[in-house]
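Take a look at the structure below.
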Amino acid sequence: MAEHNNNSSEELSGQQDSAAENAAQDSKNGMPTTYDPKAAEDKWYRYWIENEFFKAGLRPEAEPYSIVIPPPNVTGMLHIGHTLVNTLQDILIRTKRMQGYDTLWLPGTDHAGIATQTRVEQKLREQGISRYDLGREKFLEQVWEWKEQYAEVIHEQWAKMGLSLDYSRERFTLDEGMSHAVRHVFVKLYEKGLIYRGKRIINWDPAARTALSDIEVEYKEVNGHLYHLRYPLKDGSGYITVATTRPETMLGDTAVAVHPEDERYTDMIGKTLILPIIGREIPVIADEYVDKEFGSGAVKITPAHDPNDFEVGLRHDLPQINVMDESGTMNAEAGPYQGQDRSDARKAITADLKEQGVLVSIEDHVHQVGHSERSGAVIEPYLSTQWFVKMQPLAEEAINAQKDGTGVNFVPERFEKTYMNWIENVRDWCISRQLWWGHRIPAWYSESTGEVFVAMSEEEAQAASGLNDLKQDEDVLDTWFSSNLWPFATLGWPDETSSDLARYFPNNVLVTGYDIIYFWVARMIFSSQEFTGKKPFKDVLIHGLVRDAEGRKMSKSLGNGIDPLEVIEKYGADALRYMISTGITAGQDLRFRIEKVEQARNFANKIWNASRFALMNLEGVSFEDIDITGDLSTADHWILHRLNETSREITRLIDAYEYGETGRVLYNFIWDDLCDWYIEFAKLNLYGTNEAAKSKTQSVLAYTLDRTLRLIHPFMPFISEEIWQHLPHEGETITLAAWPEYEQALENAEAVAEMNILMDIIRAVRNIRAEVNVPMSKKVDLIIKAGNEDILGIIQRNDNYISRFCNTSSFAAGLNPVTEGKVMSAVVTGAELLLPLSGLIDIDQEIARLEKEVQTLNSEVERVEKKLSNQGFVAKAPAKVIEEERAKQADYSAKREKVLARIAELRG
RNA sequence: AGGACGGUAGCUCAGCGGGAGAGCACUAUCUUGACAGGGUAGGGGUCAUGGGUUCGAACCCCAUCCGUCCUACCA
């Protein structure tokens with residue numbers, strides 16, 4: 001496939017489909033003036049994949065650079081947030097690949113236990129089937145089908161985005177390797193006493209009928225009520241008023257607590273109350289947990305339905321009475337309310353309490369209520385037996401690593417605080433889920449003895465127990481229990497002999513959003529520390545969320561989500577990638593506005609057209625002809641210098657993860673320097689008769705465009721490959737082309753200084769013409785008075801450029817040229833420009849214009865002089881700054897003198 | 001309650017110690033042989049408010065106001 005492709009006769013792709021509808025066609029060559037991404041994108045992605053350019057390990061001598069993709073859930077289509085995180089990673093990987101690293105970007109997907117199971121159950125429900133109708137095995141078959149279907153969708157989306165993934169190493173959180181790692185971790189933690197089984201208050205999702213971890217609960221403000229209830233004392237001496245937001249839980253009350261130093265209640269401590277409706281006798285206890293100031297100062301205690309009450313209950317040895325079942329329905333303990341749903345029961349109980357005179361009052365009360373992150377159901381604090389990970393010892397290791405400097409480097413830094421705050425206050429992690437889709441807990445119970453055996457397999461458990469009546473735990477593990485092994489388990493861990501593990505672990509960087517620092521990042525860090533003794537990745541790059549144009553979070557219920565495929569269809573993947581990656585600043589949210597994508601699309605089109613221009617002027621030029629040494633023009637030297645600077649800057653910025661700034665630098669270089677200045681300058685040689693100069697400019701143009709495409713390639717892989725393949729080039733693909741580095745040999749300081757003078761002159765003439773309404777199409781005379789011989793030399797060497805840009809009919813330059821009649825003028829550094837426009841412009845108008853200029857110069861001079869006359873400034877400011885100010889002072893003053901002289905001349 | 005982030009041109013946002021920037025929108029002008037999804041020129045901002053540090057503050061510190069989010073919650 002390697003070839004030296006000269007200016008091929010094959011047309012640039014994109015023109016095929018759009019040629020007919022494209023009215024703005026160049027009549028000469030039939031090439032469209034707009035880039036159509038559709039044809040190019042699929043073609044090149046196929047080419048890259050077929051040739052295995054993205055495969056890791058092909059450069060065994062090179063330094064490795066690795067990233068694992070945050071595995072998307074197999075719940076459905078990828079959203080715009082995935083586009084962001086994936087583009088950022090692809091940019092890093094593509095850059096590093098071009099820089100010669102042995103790059104690995106490992107793809108994969110997450111089974112997403114509760115999320116996927118909920119979706120499949122939803123689908124079944126639409127067919128009138130529940131998972132219980134199917135049974136565990138049949139249901140799981142359905143989920144696997146779903147998984148295969150969406151994994152396929154995800155692959156297509158990755159391809160559309162142009163991601164340079166190594167598919168030969170793709171993993172799934174439920175595949176055999178990952179499952180083995182999960183069991184291994186469970187067994188090891190169990191053996192160390194860091195996994196235990198216990199009866200605790202956990203967050204119960206009655207809709208999904210499973211336990212959740214603390215961070216899977218979202219608190220939302222809800223307008224509720226505060227119910228005041230009166231519990232009578234058994235001895236008839238009075239009553240105690242308690243308040244609750246959930247009156248139905250009173251059925252499970254086993255005490256009322258007051259503060260031990262609350263004088264209102266000292267006499268009552270130890271007495272017995274009669275729980276209304278149920279008639280149970282419950283004690284009045286004293287506990288410091290109670291806040292004397294709040295409400296009545298007495299709290300009903302329901303150990304089975306409130307985490308705080310649970311703790312109080314343990315301290316006072318109170319019974320735990322669970323009044324609900326796993327679907328949130330009242331159970332036998334609820335007496336007359338058995339069988340009612342918890343919300344119906346609340347109404348019924350409230351009515352009954354009111355009738356019995358127990359309910360004294362109801363106040364409006366705004367409070368935070370926990371909701372399931374997945375099902376949306378109101379969370380029930382629920383007493384049940386679950387598996388937990390003891391977090392303290394694991395957290396400590398991770399905290400120590402962070403404190404002694406061997407930890408993970410957070411970018412931006414502030415997220416380290418977020419992480420530390422969580423891990424320093426972490427509580428035990430409830431890891432068992434009453435679901436079917438997931439890693440089944442590797443614990444077996446003996447039906448005869450009730451003993452528990454934790455092992456890698458049933459065989460091992462049997463061997464260890466010597467029993468053959470073992471039954472495996474029905475529950476599965478929290479999805480994040482497997483995701484947190486992702487960076488190392490995907491590379492072969494726990495097999496320490498895995499060559500991938502040795503070579504690509506730790507990963508260089510993890511890219512993810514701030515919304516899953518707790519869920520995922522923190523857990524990867526502590527499990528990696530525990531099991532590999534290393535941090536999982538050197539850097540973690542945290543990005544913000546993609547929001548809609550109004551700054552709202554994208555959500556299904558609002559229907560304000562953006563489908564990346566639709567955007568790609570309309571604007572191209574490169575435009576979307578460029579917009580979303582360069583539109584962000586570290587850790588900050590991004591508002592998605594279609595105008596921004598249009599702007600990026602226009603930028604791609606600008607590159608397309610600049611390349612069209614180049615190709616039209618590179619006919620017959622082959623790769624071997626390119627020679628950028630020897631006698632180059634001022635502009636040739638200058639663009640090579642700007643390319644040099646840009647390459648260095650882009651390299652630095654990408655390493656610093658400063659995508660927004662990178663985008664700006666690339667945009668300015670390509671649009672301003674390359675298109676607006678260099679291409680215009682180059683035309684003179686390309687259309688000229690000086691064959692040597694033409695040939696050099698062709699070389700510089702081809703070289704510069706080639707390097708520019710390489711710099712833009714990580715951001716816009718498709719268009720850069722499409723154009724690059726048509727330019728004179730060496731190699732099979734731009735994806736493996738060498739990354740442009742700063743080259744001292746390309747520098748020519750004199751030429752750069754010359755170019756700056758030329759640009760100043762051209763800008764000044766344009767300004768004057770615009771100000772007095774002399775259009776560029778109308779030719780004018782131009783006289784330049786140079787300040788000295790050197791400047792004069794520069795002007796004379798480049799008079800053809802100046803003439804062209806200033807559109808002069810006659811051009812004269814000298815140290816003291818004859819300046820007849822009334823003329824317009826401007827002063828630039830080192831020279832004075834004169835345009836004889838006496839026929840076109842009133843002399844008073846010109847004097848007024850010049851006086852305005854003097855005013856601007858005056859204020860500049862004043863500002864600088866004020867600064868320089870400040871003793872503090874001269875004494876304390878850095879020498880470099882003072883020097884700069886002095887130079888400005890001299891420059892502005894000199895210009896002002898010349899303009900003043902000009903005014904005098906015109907007057908007199 | 002604690003914490004984080006943000007308040008800069010009409011809009012969306014960069015800049016984060018030394019002359020206020022970009023894109024879009026707006027005004028004027030140009031169909032010049034890469035590009036009208038374009039060229040050229042221009043208007044528009046007491047950089048939230050009040051103090052402080054500094055020779056110098058949009059930028060650093062403190063306070064206040066407004067907005068967004070996170071964590072923890074008193075029944």
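Numbers restart at 1 for each chain; the letters A, B, ... are given by sequence-line order, proteins then strands.
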- Message: Distance check needed: A75(B) C1' versus His305(A) NE2, whole Å only.
- Response: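 The distance from NE2 of His305(A) to C1' of A75(B) comes to 15 Å, rounded to the nearest Å.
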- Rounded distance in Å - CG (Asp548(A)) to P (C11(B)): 17 Å
- Task: Quick one: sort the Phe681(A) and Tyr801(A) rings into parallel, tilted or perpendicular, breaks at 30° and 60°.
- Result: tilted
- Message: Which label fits Phe715(A) and Tyr578(A): parallel for a plane angle under 30°, tilted from 30 to 60°, or perpendicular past 60°?
- Response: perpendicular
With a cut-off of less than 4.0 Å, is there a side-chain N or O of [X] near OP1 or OP2 of [N]?
| X | N | answer |
| --- | --- | --- |
| Tyr687(A) | A34(B) | yes |
| Asn602(A) | G38(B) | yes |
| Arg591(A) | C13(B) | yes |
| Lys880(A) | G18(B) | no |
| Thr33(A) | A34(B) | no |
| Asn308(A) | C74(B) | yes |
| Lys606(A) | G39(B) | yes |

- Item | Base-paired stems that RNA chain B participates in, counting runs of 3 or more Watson-Crick or G-U pairs under 3.5 Å |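 If one scans RNA chain B for consecutive Watson-Crick or G-U pairs, the stems found are B:1-7 with B:65-71, B:10-13 with B:21-24, B:26-30 with B:38-42, B:48-52 with B:60-64.
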Which listed nucleotide ([options]) is nearest to the side chain of [X]?
| X | options | value |
| --- | --- | --- |
| Val881(A) | G37(B), G15(B), G18(B) | G18(B) |
| Asn609(A) | G15(B), C73(B), A34(B) | A34(B) |
| Trp671(A) | A34(B), A75(B), G39(B) | G39(B) |
| Thr244(A) | A34(B), G37(B), A75(B) | A75(B) |
| Val290(A) | C35(B), U71(B), A75(B) | A75(B) |
| Asp676(A) | A75(B), U12(B), U40(B) | U40(B) |

[X] and [Y] ion-paired at < 4.0 Å:
| X | Y | result |
| --- | --- | --- |
| Arg246(A) | Glu380(A) | yes |
| Lys888(A) | Glu884(A) | no |
| Glu853(A) | Arg896(A) | no |

Within the 4.0 Å heavy-atom criterion, would you say [X] contacts the bases, only the backbone, or no part of the nucleic acid?
| X | result |
| --- | --- |
| Phe603(A) | nothing |
| Arg427(A) | sugar-phosphate |
| Asp306(A) | nothing |
| Gln599(A) | sugar-phosphate |
| Lys596(A) | sugar-phosphate |
| Ala875(A) | nothing |

- Message: A quick test of your reading: do over 12 heavy atoms of other residues, nucleotides or ligands sit less than 6.0 Å from CD of Glu413(A)?
- Response: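 No, CD of Glu413(A) has 12 or fewer neighbouring heavy atoms, counting only those of other groups under 6.0 Å.
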Are there any protein N/O atoms within less than 3.5 Å of an N/O atom in nucleotides 3-6 of chain B, and if so, which ones and at what distance?
residue : atom : partner   : partner atom : Å
C5(B)   : O2'  : Gln588(A) : NE2          : 2.6

- State which residue, out of Leu653(A), Ile712(A), Thr582(A), fulfils the side-chain contact (heavy atoms from CB on, under 4.5 Å) condition with Leu666(A).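 Between Leu666(A) and the candidates, side-chain contact (heavy atoms from CB on, under 4.5 Å) is satisfied uniquely by Ile712(A).
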- Please list residues of residues 855-865 of chain A whose heavy atoms come under 4.0 Å from any atom in RNA chain B, ordered by number; otherwise none.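 By residue number: Glu860(A), Arg863(A).
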Polar-atom pairs under 3.5 Å, protein N or O versus N or O of nucleotides 41-44 of chain B: list them with distances, or write none.
residue : atom : partner   : partner atom : Å
A41(B)  : O3'  : Asn767(A) : OD1          : 3.0
G42(B)  : OP1  : Asn767(A) : OD1          : 3.3

- Within 45° cone and under 6.0 Å: Lys606(A) NZ/CZ vs Tyr667(A) ring: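 Lys606(A) over Tyr667(A) ring: no.
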Strictly under 3.5 Å: I want the nitrogen or oxygen pairs between protein and nucleotides 54-60 of chain B, one per line.
residue : atom : partner   : partner atom : Å
C55(B)  : OP1  : Lys876(A) : NZ           : 2.0
C55(B)  : O2'  : Asn870(A) : ND2          : 2.7

Check nucleotides 66-68 of chain B against the protein and report each pair of N or O atoms closer than 3.5 Å, with its distance, or say if there are none.
none

